[in-house]
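All remarks here apply to the structure that follows.
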Amino acid sequence: STPSNWAETQRKAFKKGLLIKEQIAQLGSIGFDFDPYDSAWKGSYQDLVDFKNLNGHLMVPPKSKLGGWMHKVRGYFRNGKLSQLQLSKLVNLGFNFDILGSIWDRNFHDLTTFKAEHGHLIVPFETSLGMWRHTQMRSYRQGTLSHDHIDKLEALGFIFTLKKAA
C-alpha cells in the first residue's frame, strides 16, 4: 500500500464517520489534510481575494494559474458542482460567472454610446466594435442570436440585413 492509497483510505473513513476521535486527533496533529480539494479551493479563493485587493478588480489574465482556476470554477458553476458556501463567497466577491454575457453587454453599451455620439450604427468594420456588430448580424442570420439580444439591438435601431446596391 502506497502512502497516497493510505491517505485516501483515511479520508474515506473520515467522511464515512469510521474514525474515532483519537485517530482524528492523531492525524490532525501531523497536519493531515482530510479534504485536499477543499484546501486547494480555499487557497485559490484566497489568491483571488488577494488579487482583487491588490488590483481593485477580478480581471485575472486567463492564461495565468488563477485564470485557469476561475475557468474551472465557471465550469463547476454551470454543472451545479459548487457548494452553497463556495457560491456565496464568489458572489460576494463579485465573481463573474458569465464572461460571454459580460462581453456582449459591454459591446452593446459601446454600440449605444457610438450611436449617441454619431447618430447612427454604421461602425467602421476595422474596429473591434465594428467586427462585433458584424458578428451580431451573422449570428442573427444563422439563428444563433438570442431573442433577448435581438430585442435589445432592434430597440436601438439595429438593422440585421444589409441591402444590396442596385
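Note that these values count all heavy atoms, side chains included, but never hydrogens, waters or copies made by symmetry.
- Applying the side-chain contact (heavy atoms from CB on, under 4.5 Å) test to Tyr140 and every residue at least two apart in sequence or in another chain returns Leu145, Ile150, Phe160.
- Remark: Asn96 pairs with Ser102 by the side chain to side chain donor-acceptor pair (under 3.5 Å) rule, at least two apart or across chains.
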Distance-only check: which donor-acceptor pairs under 3.5 Å involve side-chain atoms of residues 12-29, not counting sequence neighbours?
residue, atom, partner, partner atom, Å
Gln23, OE1, Ile20, N, 2.8
Ser29, OG, Gln26, O, 2.6

Margin query: Determine whether Leu66 and Trp69 satisfy the following criterion, side-chain contact (heavy atoms from CB on, under 4.5 Å), listing intermediate values before the conclusion.
Written below: CA-CA 5 Å; Leu66 188 56; Trp69 178 78; 4.0 Å; yes
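- Heavy-atom minimum distance, Phe114 versus Ile122: CZ-O, 3.6 Å.
- Applying the 4.5 Å side-chain rule to ILVMFWY residues, one finds Met131 in the same cluster as Phe125.
- Not a single side chain to side chain donor-acceptor pair (under 3.5 Å) links Lys65 to another residue, sequence neighbours left out.
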Next item on the list: Show your working on side-chain contact (heavy atoms from CB on, under 4.5 Å) between Phe95 and Leu48 and close with a plain yes or no.
Entry: CA-CA 9 Å; Phe95 190 90; Leu48 187 60; 3.8 Å; yes
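- For Gln10, there are no side chain to side chain donor-acceptor pair (under 3.5 Å) partners two or more places apart in sequence or in a different chain.
- By the side-chain contact (heavy atoms from CB on, under 4.5 Å) test, Lys81 pairs with Tyr76, Asn79, sequence neighbours left out.
- Sorted by first and then second residue, the salt bridge (charged side-chain N to carboxylate O under 4.0 Å, His left out) pairs with a member in residues 146-161 read Asp148-Lys152; sequence neighbours excluded.
- In this structure, the side chains of Ser139 and Thr135 come closer than 4.5 Å at one or more pairs of heavy atoms.
- The side chain to side chain donor-acceptor pair (under 3.5 Å) test applied to Asp50 returns Gln46, not counting sequence neighbours.
- Under the 30°/60° scheme for interplanar angles, the aromatic rings of His149 and Trp104 are found to lie parallel.
- Separating the NE2 atom in His71 from the CZ atom in Arg74 is a distance of 8.5 Å, to the nearest 0.5 Å.
- Residue Tyr45 comes nearest to Lys89 through the heavy atom pair OH-O, 3.4 Å, listed as atom of the first residue, atom of the second, then distance.
- Atom CH2 of Trp6 and atom CZ of Arg11 lie 9.0 Å apart (nearest 0.5 Å).
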Show me the donor-acceptor pairs, under 3.5 Å and distance only, between side chains in residues 52-60 and residues at least two apart or in other chains.
residue, atom, partner, partner atom, Å
Lys52, NZ, Leu93, O, 2.5
Asn53, ND2, Val49, O, 3.4
Asn55, ND2, Phe51, O, 2.9
His57, ND1, Met59, N, 2.9

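- The shortest side-chain heavy-atom distance between Asp110 and Trp132 does not fall under the 4.5 Å cut-off.
- When all heavy atoms are compared, the tightest approach of Leu129 to Asn107 is CD1-O, 3.6 Å.
- Remark: His109 pairs with Thr113 by the side-chain contact (heavy atoms from CB on, under 4.5 Å) rule, at least two apart or across chains.
- Within 6.0 Å of NE2 on His120 lie more than 12 heavy atoms contributed by other residues, nucleotides or ligands.
- Atom CG in Leu111 sits 5.0 Å away from atom CG in Leu121 (nearest 0.5 Å).
- Among residues two or more places apart in sequence or in another chain, the side-chain contact (heavy atoms from CB on, under 4.5 Å) test is passed with Ser88 by Asn92.
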